[in-house]
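Worksheet: the structure to be examined is printed underneath.
These numbers come from a predicted model, not from an experiment. When a residue number appears, it is its place in the shown sequence, counting from 1.
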Amino acid sequence: MTPPSAGVGTPDVHPTPTTSRQSGPPLLEVRDLVKHFPIRRGILGRTVGHVRAVDGVSFQLWPGETLGLVGESGCGKSTTGRMVLRLLEPSAGSVHFDGADVLALSGARLRAMRRHAQIIFQDPFSSLNPRMTIGAAIREGLTIHRIAAGEAADRRVRELLSEVGLRPQFADRYPHEFSGGQRQRVGIARALSVSPRLIVCDEPVSALDVSVQAQVVNLLQDLQRDRGLAYLFIAHDLSVVEHIADRVAVMYLGHIVELASATDIYREPLMPYTQALLSAVPVPDPTVRSTRVVLSGDVPSPANPPSGCVFHPRCQHPRKDEACTKLVPPLEEKSAGHWAACIKQPPTTVHWEVQKAAGGTRQPERYLPDL
């Protein structure tokens, strides 16, 4: 798959990254998703600019797969996840779930789609109604989608609580009577109540203790194995993502700058931003000395993003030059299944052999190794 060439002023429109390791149609397909929030000022509330929270994001997610979405705070991860479910309306782009155009749905059809696509929120306490028992909160989905009522609904609630590791008799308790980890298990049970196929996990363990994080992540993996769930797993902690994700997409300032299998991302990151993120992950071995990549400056404002490559003001790449400030790098395949948005990172030798077999012409100045 050959992305279009980038040039000065080229809009950030990316091809949808794919990988030959997946078979069959994707469960979720996102193309060129955009969300710009207007900046209004004055008595009349005139629009004087836009916050480019998400600016051309494309990816695919297959049944039973976990795609990790990582990046610094404010890069657009949660906004992307909420747009997938239409909790936020996109400014542009398309979202297809199980072949259906999500952005074209409304009313009963949108509600029916949401039965198959649920979300687990970051803060389990604020996502639960303090005036409702947890049993009532879990039963709500069963009632709205007319799945069960009466004694059948009560029995289903007890089964879900047991499935997520809570006692069935806890159904009559209120959210303030639980710990953070227990409340997050309630949130997971609520998402599972309607038997979804996709769950957007919006930083589901970031507010929990490390030991509790491990328990919740293991629970999510068990549920995925038993139910065949697909996860869009949004997180800051790259060590957690390494444990649970099949593929990882790295976001920066509203763009996906690298996407590959978790093995490839953690073994050989291509994007300088990804390299900096991974260098900050603690290594639980005192005998291993890691080299920390410290990024200079602050994250640019999404209301006034830099020209060219959005990462170039903080980039540590040894070959960074003026072209990085002018050319918008496309998200292109550097090797099989490994996509990166960096004009200084050439495709690997293996990828060149594929191009050569197809009759391609090698460009020596572009394919020099970055040593």
Query raised in the report: Looking only at atom types and distance, does a side-chain atom of E258 sit under 3.5 Å from a main-chain N or O of I265, one as donor and one as acceptor?
Result: no
Query raised in the report: Side chains of Y231 and L198: closer than 4.5 Å at any heavy-atom pair?
Result: no
Report task. Taking R139 for its side chain and A153 for its backbone only, find out whether a donor-acceptor pair lies under 3.5 Å. Result -> no
Requested in this report: May I ask you to test the L259-V248 pair for a side-chain heavy-atom distance under 4.5 Å?
Outcome: no
Query - More than 12 heavy atoms of other groups within 6.0 Å of R292 CZ - result: yes
Query raised in the report: Under the 3.5 angstrom rule, does the side chain of D264 hit a backbone N or O of A260 as a donor-acceptor pair?
Result: no
Requested in this report: Inspect the surroundings of CZ in R225 and state if more than 12 heavy atoms from other residues, nucleotides or ligands are less than 6.0 Å away.
Outcome: yes
Query raised in the report: Just wondering, are more than 12 heavy atoms of other shown residues or ligands nearer than 6.0 Å to CD in E151?
Result: yes
Requested in this report: May I ask you to test the Q184-I120 pair for a side-chain heavy-atom distance under 4.5 Å?
Outcome: yes
Requested in this report: Check whether the side chains of D237 and S239 place a donor and an acceptor atom closer than 3.5 Å, and report yes or no.
Outcome: yes
Requested in this report: Using atom types as modelled and distance alone, determine if a side-chain donor or acceptor of K77 lies under 3.5 Å from a backbone N or O of E72.
Outcome: yes
Query - Least distance between heavy atoms, T274 atom then P269 atom - result: CG2-CB, 3.7 Å
Requested in this report: Would you name the heavy atoms of G141 and V194 that are closest together and state the gap between them?
Outcome: O-CG1, 3.7 Å
Query raised in the report: Would you say the side-chain atoms of H338 and E268 include a donor-acceptor pair closer than 3.5 Å?
Result: no
Requested in this report: Say whether, by atom type as modelled, one donor and one acceptor occur between the side chain of Y266 and the main chain of S261 under 3.5 angstrom.
Outcome: no
Query - T47 and R40: side chain donor to acceptor below 3.5 Å - result: yes
Report task. Determine yes or no for a side-chain-to-main-chain donor-acceptor pair under 3.5 angstrom, with E333 supplying the side chain and G337 the backbone. Result -> yes
Report task. Identify the heavy atoms of L327 and P329 that sit nearest to each other, and give their distance. Result -> O-CD, 3.2 Å
Report summary line: In terms of heavy-atom contacts, V95 and V84 come closest through CG1-O, 4.0 Å
Query raised in the report: Below 4.0 angstrom, N of the basic side chain to O of the carboxylate: do R82 and D202 qualify?
Result: yes
Report task. Look at the aromatic rings of Y252 and F311 and report parallel, tilted or perpendicular, splitting at 30° and 60°. Result -> perpendicular
Query raised in the report: Nearest heavy-atom pair of C342 and H317: which atoms, and what distance?
Result: SG-CD2, 4.3 Å
Query raised in the report: Is C315 close to C324 at the side-chain level, that is, under 4.5 Å between some pair of heavy atoms?
Result: no
Query raised in the report: So, are E163 and R227 salt-bridged, with charged N and O less than 4.0 Å apart?
Result: yes
Query - Side-chain heavy atoms of Q215 within contact of R185, under 4.5 Å - result: yes
Query raised in the report: Between D246 (side chain) and E65 (backbone), is there a donor-acceptor pair under 3.5 Å?
Result: no
Query - Side-chain (R114) to main-chain (R86) donor-acceptor, under 3.5 angstrom - result: yes
Query raised in the report: Side chain of Q316, backbone of P272: donor and acceptor closer than 3.5 Å?
Result: yes
Report task. Indicate yes or no: at least one non-hydrogen side-chain atom of L295 is less than 4.5 angstrom from one of Y273. Result -> yes
Query raised in the report: Going by heavy atoms in the side chains, are I134 and D172 under 4.5 Å from each other?
Result: no
Query raised in the report: Got a donor-acceptor contact below 3.5 angstrom from the D123 side chain to the F125 backbone?
Result: yes
Report task. Specify the closest pair of heavy atoms between P300 and L253, including all atoms of both residues, with the distance to one decimal. Result -> O-CD1, 3.2 Å
Query raised in the report: Are side-chain heavy atoms of M251 and V70 found at a separation under 4.5 Å?
Result: no
Query - Atom CG of D226 with >12 non-hydrogen neighbours under 6.0 angstrom - result: yes
